[in-house]
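Residue indices begin at 1 and follow the sequence shown.
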Amino acid sequence: QVQLVESGGKLVRAGDSLTLSCAVSGRSGSTHVIAWFRQAPGKEREFVSGISKDGHNTAYSSSMKGRFTMSRDNAVNTVYLRMDNLGPEDTAAYYCAARGGAITVIARDRRAYNYWGQGTQVTVSS
């Protein structure tokens with residue numbers, strides 16, 4: 001079983017930067033492919049970014065590439081999402097999710113992720 005806890009969401013202004021954190025806990029020594037998704041009111045949950053187990057490979061949604069940077073520190077079991085130049089369109093609940101421990105591929109489909117956090121709200125005012 002894997003537990004994920006997001007933090008860092010808050011109200012910011014357009015143009016600001018913000019870093020979200022996702023604390024990952026579970027079986028000692030295991031790592032997982034992790035992704036960030038977001039969901040705005042009335043919209044589908046969408047892929048934001050993903051990172052490989054060792055942190056060497058990342059993937060981003062085309063609309064966020066260049067503004068968002070995902071990273072991880074396996075020594076403290078935490079994954080990060082730095083978001084720059086935020087706009088009102090980035091307002092959403094942000095979720096981190098993990099794939100099963102044996103899987104090494106970053107997926108963009110939310111159905112590929114077995115474990116989810118409770119989400120953290122990011123609100124960007126214009």
Side-chain angles (χ1 to χ4, degrees):
Q1 191 71 9
V2 179
Q3 293 82 43
L4 304 107
V5 179
E6 304 94 334
S7 62
K10 64 179 182 178
L11 173 64
V12 296
R13 294 181 177 180
D16 283 355
S17 295
L18 186 65
T19 297
L20 305 182
S21 299
C22 173
V24 184
S25 61
R27 191 171 63 182
S28 177
S30 66
T31 57
H32 300 263
V33 169
I34 304 291
W36 286 97
F37 288 79
R38 71 182 186 184
Q39 187 168 19
K43 294 189 176 182
E44 294 280 322
R45 189 169 296 189
E46 64 173 339
F47 175 81
V48 173
S49 62
I51 193 165
S52 60
K53 290 186 173 188
D54 59 8
H56 291 170
N57 295 305
T58 53
Y60 297 92
S61 168
S62 57
S63 63
M64 298 152 214
K65 192 171 185 179
R67 295 194 301 124
F68 290 11
T69 304
M70 188 173 182
S71 61
R72 69 190 301 162
D73 185 343
N74 286 340
V76 294
N77 297 320
T78 303
V79 177
Y80 306 96
L81 181 68
R82 176 179 171 87
M83 305 181 290
D84 294 319
N85 192 25
L86 285 163
E89 67 278 8
D90 296 311
T91 294
Y94 284 72
Y95 300 87
C96 62
R99 301 200 73 181
I103 298 172
T104 60
V105 176
I106 299 170
R108 295 172 182 263
D109 188 335
R110 58 186 173 89
R111 294 171 295 182
Y113 292 81
N114 301 91
Y115 309 100
W116 291 83
Q118 82 290 348
T120 187
Q121 180 67 35
V122 174
T123 303
V124 185
S125 65
S126 58

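Cluster partners of Val76, by chain and number: Tyr80. The rule joins Ile, Leu, Val, Met, Phe, Trp and Tyr whenever side-chain heavy atoms lie under 4.5 Å apart. In the hydrophobic clustering, Trp36 connects to Val2, Leu4, Val12, Leu18, Leu20, Val24, Ile34, Val48, Ile51, Tyr60, Met64, Phe68, Met70, Val79, Leu81, Met83, Leu86, Tyr94, Tyr115, Val122, Val124, either directly or through intervening members, whenever side-chain heavy atoms lie under 4.5 Å apart.
In this structure, the side-chain contact (heavy atoms from CB on, under 4.5 Å) partners of Ser63, at least two apart in sequence or on a different chain, are Ser61. Legend: residues meeting side-chain hydrogen bond (donor to acceptor under 3.5 Å, both in side chains) with Arg67, ordered by chain and number and at least two apart, are Asp90. For Glu89, there are no salt bridge (charged side-chain N to carboxylate O under 4.0 Å, His left out) partners at least two apart in sequence or on another chain. Applying the side-chain hydrogen bond (donor to acceptor under 3.5 Å, both in side chains) test to Tyr113 and every residue at least two apart in sequence or in another chain returns nothing. Considering only residues two or more places apart in sequence or on other chains, Glu44 meets the side-chain contact (heavy atoms from CB on, under 4.5 Å) condition with Arg110. Scored by the side-chain hydrogen bond (donor to acceptor under 3.5 Å, both in side chains) test, Ser52 finds Asp54 as partners (sequence neighbours excluded). Under the side-chain contact (heavy atoms from CB on, under 4.5 Å) criterion, Ala40 pairs with Lys43, Ala92, sequence neighbours left out.
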Check residues 95-104 and write down every donor-acceptor pair under 3.5 Å in which the side-chain atom is one partner and the other belongs to a residue at least two apart or another chain.
from	atom 1	to	atom 2	distance (Å)
Arg99	NE	Ala112	O	3.2
Arg99	NH1	Val105	O	2.8

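Note: Gln121 CD to Leu11 CG = 9.5 Å, rounded to the nearest 0.5 Å. We find the CZ-OG1 distance between Arg38 and Thr91 to be 9.0 Å, quoted to the nearest 0.5 Å.
Scanning both residues, Ser126 and Ala14, for their nearest heavy atoms gives CA-CB, 4.2 Å. Minimum heavy-atom separation, Thr78 to Ala23: OG1-CA, 4.4 Å.
Under the 3.5 Å distance criterion, the side-chain polar atoms of Glu6 are matched with a main-chain donor or acceptor of Gly119.
Looking at Thr31 and Arg72, their side chains come closer than 4.5 Å, going by heavy atoms from C-beta outward.
Residue pairs meeting the side-chain hydrogen bond (donor to acceptor under 3.5 Å, both in side chains) criterion with at least one member in residues 7-20, sequence neighbours excluded, are Ser17-Asp84. Among residue pairs with one or both ends in residues 59-95, none qualify as disulfide bond (SG atoms under 2.5 Å apart); sequence neighbours excluded.
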